[in-house]
Number of protein chains: 2
Amino acid sequence: MFRALTTILQSTTMPSPVCVLCQVRGESICGSLDDSELGQLHAIGRRQHIQAGETVIWAGEESPNCANILSGVFKLSALTIDGREQIVGLLHPADFIGHPYASEAEFTVTALSECEICLFPTAAFVEILESHPPFALALLKRSFETLDAARRRILLFGRQSAEERVAGFLLEMAGRPGASRATNGGPVTFELPLSRGGIADVLGLTIETVSRQMTKLRMAGTIALPGGRLVTVLNRNALERHAGKI
Amino acid sequence: MFRALTTILQSTTMPSPVCVLCQVRGESICGSLDDSELGQLHAIGRRQHIQAGETVIWAGEESPNCANILSGVFKLSALTIDGREQIVGLLHPADFIGHPYASEAEFTVTALSECEICLFPTAAFVEILESHPPFALALLKRSFETLDAARRRILLFGRQSAEERVAGFLLEMAGRPGASRATNGGPVTFELPLSRGGIADVLGLTIETVSRQMTKLRMAGTIALPGGRLVTVLNRNALERHAGKI
DNA sequence: CGGACAGTTGAGAAGTCTCAAACCTCGTGG
DNA sequence: CCACGAGGTTTGAGACTTCTCAACTGTCCG
């Protein structure tokens with residue numbers, strides 16, 4: 001898919017919006033560059049719109065590009081031999097996609113919603129990485145953070161029950177910017193970026209088990225499910241208790 | 001514990017063996033430095049022996065040091081609220097311990113066997129990191145690899161049965177250097193760095209389940225258990241089948 | 001209205017955990 | 001030298017959680 005995008009890039013002359021106005025510059029690795037360095041990065045990158053469901057990196061294939069997420073949510077997944085899918089992580093705005101030094105990708109990266117990314121050819125990206133030490137350090141910091149996040153997920157999987165996983169997932173989603181939070185401490189309503197099946201794949205459960213746990217939380221008055229993928233957290237304390245965090 | 005070690009360091013004048021002869025230099029991040037740069041790193045680091053069971057970093061505490069593993073195996077673990085332990089990863093020779101940019105450690109690091117490490121004060125280590133771009137890039141590469149390893153572990157937890165986890169764990173251990181491999185393709189015997197309880201914590205299972213799965217593999221003629229923590233792989237293909245990798 | 005799809009609910013099966021007891025191995029002290 | 005105890009391991013039985021298979025509901029859209 002990235003190969004296809006590359007082709008598009010080479011034949012396009014679409015002007016890119018300037019990085020200086022980028023909505024994620026502050027949080028992303030680009031924040032370590034000054035305006036002139038940013039110009040160099042900008043010269044090799046292009047903004048791309050990605051549709052929901054589109055896969056930008058396939059596990060087992062070489063990926064000639066990497067990217068920064070500007071908006072939207074991606075999933076990072078793998079298949080087991082017998083065809084079951086496991087989502088090993090979600091990627092949000094300002095997160096980095098791709099491994100500059102890996103010969104082939106180990107996981108598949110797929111857009112869950114409509115997304116916007118800042119796309120770089122890996123070779124050119126590596127050049128900038130190697131000629132701008134602060135940039136490499138910024139990516140290093142981010143990869144350490146990502147590593148800790150991955151390890152927290154291992155903790156989740158290894159020792160938590162279905163109830164704890166679902167409650168913990170809802171808390172994580174409610175805590176993300178983009179969740180339209182209401183009064184301080186009051187109910188927060190947000191939209192899940194995933195279907196029940198997607199949540200099941202993230203949490204290592206089945207659709208039915210996720211559904212049952214959501215119903216249980218709703219019956220307990222901890223959350224409300226106004227419809228669609230909307231979730232309202234009515235009692236955050238109770239939700240944290242269900243998540244095993246208290 | 002690292003604090004204690006620091007105290008020892010300051011009061012000691014023990015000469016360190018030279019890095020040039022280091023047994024893990026080729027694989028570790030130090031491999032990116034030339035002999036003179038290595039001298040600078042050497043100047044801030046000291047070799048330390050760590051006894052089995054000793055904890056070098058405590059989750060939730062600031063850690064003023066980081067380190068490279070020269071020999072031995074460490075576990076990276078966390079406790080859930082209700083006191084259960086989960087091991088989120090194992091660290092082997094040439095692996096890196098600590099997060100240069102984290103204010104406090106998120107996981108506890110404990111030696112499983114007698115270990116030897118190359119210890120650095122984080123502040124001085126960061127200075128070298130920031131003044132030697134190739135060194136930062138080497139650490140970056142390693143952290144990407146570690147990230148992929150963590151994600152493979154998520155896959156293991158999310159979708160694999162007890163049988164697959166135990167078989168997969170044995171394969172991983174058998175594949176490590178240090179496993180005394182016999183004839184090509186023939187039986188390999190090695191010593192597990194962990195008790196049954198430790199394996200259970202790594203795999204997110206109970207001691208009893210691990211024991212039952214090992215017995216099952218032994219009964220099937222796939223492995224033999226000569227005693228102690230020794231394991232002999234009699235039929236690698238069968239073991240891979242049990243691990244769900246075929 | 002009919003069909004497709006996501007979500008919910010139910011019943012039984014399967015896998016893993018919990019609790020309990022027996023078994024080994026090994027170092028210690030009588 | 002042997003008895004003993006501690007710690008780790010194995011085995012068993014039953015309980016519990018989650019999965020699987022299946023049916024049903026609701027919504028959206030043609």
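Below, chain A is the first sequence line, B the second, and so on; all start at residue 1. These numbers were taken from a predicted model, which means no experiment stands behind them.
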Given atom CZ of Arg229(B) and atom P of dC26(C), what is their separation to the nearest angstrom? 13 Å
Within-4.5 Å side-chain heavy-atom neighbours: Leu217(B) and Leu170(B): yes
Side chain Glu54(A), main chain Gln51(A), donor-acceptor under 3.5 Å: yes
Is a donor on one side and an acceptor on the other found under 3.5 Å between the side chain of Glu104(A) and the backbone of Ser63(A)? no
In whole angstroms, how far is the C1' atom of dT10(D) from the NZ atom of Lys216(B)? 16 Å
Met214(B) has an atom CE; how far is it from atom P of dT10(D), in whole Å? 7 Å
For the pair Glu240(A) and Arg236(A), find out whether any cationic side-chain nitrogen is under 4.0 Å from an anionic carboxylate oxygen. yes
Taking Thr122(B) for its side chain and Pro64(B) for its backbone only, find out whether a donor-acceptor pair lies under 3.5 Å. yes
How would you summarise protein contacts on nucleotides 9-25 of chain C per nucleotide, using B for base, S for sugar-phosphate only and - for none, with heavy-atom distances below 4.0 Å? BBB----SSBB------
Atom pair distance, as rounded to whole Å: CG in Leu217(A) and P in dT8(C): 12 Å
Can you tell me if Arg165(B) uses its side chain to pair, donor with acceptor, with the backbone of Leu203(B) under 3.5 Å? yes
